[in-house]
Q: 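Dropping a structure here in structure tokens format, bear with me for questions.
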Amino acid sequence: MSRLSVSTSASELDFEQWAALARRARPNVFLHPAALEAVRQTNFAKLLTLLAFDESVTPRRLVGVWALQIKTLLPFIALILMGPAYEYAFLSCPLIDPAYRAEVFEAFFAAIAKRAWLPSVLKLNYLDGETCAAMRKALGQDRKGLTLSERDRPVAFRDSGMKRSGSTRKKLRQDWNRLSALGPVVIVNDRDPEHVAEAFETFLAMEAASWKGASGTALLSKPEDAAFARRLIGNLAKAGNASVAILKLNDRAIACQVLLYAGAMAYTWKTAFDSAFAAYSPGSVLVDRISEQLFASGEIEAIEGCSPEGGFMTRLFAERRPTVDLLVKLDDKPSLAFALAALTDGARRRAKRWRDAIVSRMQLSQPPASAAR
């Protein structure tokens, strides 16, 4: 029988044990030690790291890893634990050995509850459906949690999920042929860390020159966000878990796709394209072609989109992975933090809908891409 202990010391996260756990568990690249180290190196978020060990074997075995950020909803009060562990991460799911799933969840919740300095409210966005079900079971009947929203993520698998026919596929072929008529078109996806760093700078500049730069949502719009993103991609690239695919026309970059990797899973983290070539859908063309290349490599079994609902990847990837946003309270006491978290989440979703509507109007009002023609 296993005997679990839970540590909150990030220094106990051994890379070799993490890699062994990652081979057994459902992947989550955002919990890679290199990614968590980037958060600490830049002080980008206040992290709580939970490590579960099976002490009944020698040497003890790492069977669970979870990282959450400690957030304040109001100055000095209303603390909550939030997932994902930092902004620009898109999964809240812990890394858990399937053989220990129920035990680890119960141990994690117990470890949080017995530490008086930790908040008892957890707000978890982007939980996959299977993890959410296991979490609810571990919480028990008295603390089921409040479901804030449910949404689907676009995903493609090597043998299914890429749309092979229809109007989208026809348009992508036409766009590729039209681009090819302008000159040589190539896709570069160099995994060497130095080349990844150089390609990421190309992405940052391209994103800043787009509507995201104009609206202040590009990474370069905030120096602290840019510094963290450079460290995140740099750290992951050195570990072999990040790259930047570039679509080039006449040796000019016209689209970039930042990719993250966890085992046989790839994630389409961020996309940017040169608006002068918007009529050719370079971002969609790049994702379509690089997906084919990744599957053909034999190393990637699935590609998950990190794009928002309604993004262009929903037109490229036919499969969907359900995700849930969950609000949980670990005790029975009245909680200002729980009420505020539910209230602010509703307000944030309304603000996002307004922002998306404004962005959509901005994109529609852009002048035709005559320079590309």
Side-chain angles (χ1 to χ4, degrees), residues 8-23 25-51 62 64-70 82-95 126 188-208 218-246 256-272 290 294 299-300 303-304 306:
T8 58
S9 174
S11 63
E12 294 186 45
L13 182 56
D14 175 82
F15 178 78
E16 289 187 5
Q17 281 221 16
W18 186 93
L21 172 60
R23 288 191 290 270
R26 194 169 191 141
N28 183 350
V29 69
F30 302 105
L31 293 183
H32 193 288
L36 299 181
E37 184 62 20
V39 177
R40 287 188 285 268
Q41 288 169 335
T42 57
N43 198 29
F44 193 66
K46 187 175 181 180
L47 283 184
L48 167 69
T49 303
L50 296 166
L51 308 175
L62 182 67
V65 176
W66 204 10
L68 301 165
Q69 55 177 315
I70 303 174
M82 182 176 289
Y86 48 91
E87 194 174 356
Y88 305 117
F90 295 96
L91 282 174
S92 284
C93 308
L95 212 64
Y126 306 116
V188 179
N189 188 32
D190 195 325
R191 299 282 290 270
D192 177 80
E194 290 187 8
H195 290 130
V196 174
E198 181 180 345
F200 191 59
E201 292 302 319
T202 300
F203 161 78
L204 289 173
M206 188 177 291
E207 185 192 49
L219 286 169
L220 288 179
S221 300
K222 296 180 180 178
E224 60 274 18
D225 289 25
F228 166 70
R230 286 185 173 111
R231 186 63 63 92
L232 173 70
I233 300 305
N235 284 5
L236 287 173
K238 289 176 183 176
N241 294 83
S243 70
V244 182
I246 300 180
C256 296
Q257 176 61 60
V258 184
L259 296 161
L260 307 181
Y261 307 94
M265 173 75 78
Y267 301 85
T268 56
W269 188 60
K270 279 188 171 292
T271 308
I290 196 63
L294 290 174
E299 298 177 0
I300 298 300
I303 304 173
E304 184 166 325
C306 295

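Here, residue 1 is the first one in the sequence, and each next residue gets the next number.
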Q: If you look at every heavy atom in Asn28 and Leu95, which pair is closest and at what distance?
A: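 The pair with the smallest heavy-atom distance is N-CD1, 3.9 Å.
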
Q: For a quick test of reading the model, state the closest non-hydrogen atom pair linking Arg40 to Ala10 and the distance between them.
A: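 Distance-wise, the nearest heavy atoms are NH1-CB, 3.4 Å.
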
Q: Before you tell me yes or no, could you show the steps for Leu204 and Arg230 under side-chain contact (heavy atoms from CB on, under 4.5 Å), namely the whole-Å CA-CA distance, both residues' side-chain angles and the distance that decides it to 0.1 Å?
A: CA-CA 9 Å; Leu204 289 173; Arg230 286 185 173 111; 3.7 Å; yes

Q: Any chance CD of Glu224 has more than 12 other-residue heavy atoms, nucleotides or ligands included, within less than 6.0 Å?
A: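 Yes, enclosed.
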
Q: So, applying side chain to side chain contact (heavy atoms under 4.5 Å, CB included) with Leu47, which one of Thr8, Leu68, Val39 is it?
A: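 Among Thr8, Leu68, Val39, the one meeting side chain to side chain contact (heavy atoms under 4.5 Å, CB included) with Leu47 is Val39.
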
Q: By the definition side chain to side chain contact (heavy atoms under 4.5 Å, CB included), identify the one residue from Val29, Leu232, Thr268 that meets it with Leu260.
A: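 The residue from Val29, Leu232, Thr268 that satisfies side chain to side chain contact (heavy atoms under 4.5 Å, CB included) with Leu260 turns out to be Val29.
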
Q: Grab the two heavy atoms, one from Pro94 and one from Leu31, that are nearest each other, plus how far apart they are.
A: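 Minimum heavy-atom contact is CA-CD1, 3.9 Å.
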
Q: If you look at every heavy atom in Cys256 and Val244, which pair is closest and at what distance?
A: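 Result for this residue pair: CB-CG1, 4.2 Å.
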
Q: Donor-acceptor check, side chain of Arg191 to backbone of Ser243, threshold 3.5 angstrom: yes or no?
A: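 Looks like no, no N/O pair under 3.5 Å.
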
Q: Does Phe44 have Arg231 sitting over its ring (NZ/CZ under 6.0 Å from centre, angle to axis within 45°)?
A: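 Because its charged atom misses either the 6.0 Å distance or the 45° angle limit, Arg231 does not stack over Phe44.
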
Q: Could you tell me if the side chain of Leu13 sits less than 4.5 Å from the side chain of Leu62, heavy atoms only?
A: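 They are in side-chain contact.
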
Q: Parallel, tilted or perpendicular: which one describes the rings of Tyr88 and Phe228, with boundaries at 30° and 60°?
A: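 Tyr88 vs Phe228 ring planes: parallel.
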
Q: Spell out, as yes or no, whether a donor-acceptor pair under 3.5 Å connects the side chain of Gln69 to the backbone of Pro84.
A: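 The answer is yes, because a donor-acceptor pair under 3.5 Å joins these two groups.
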
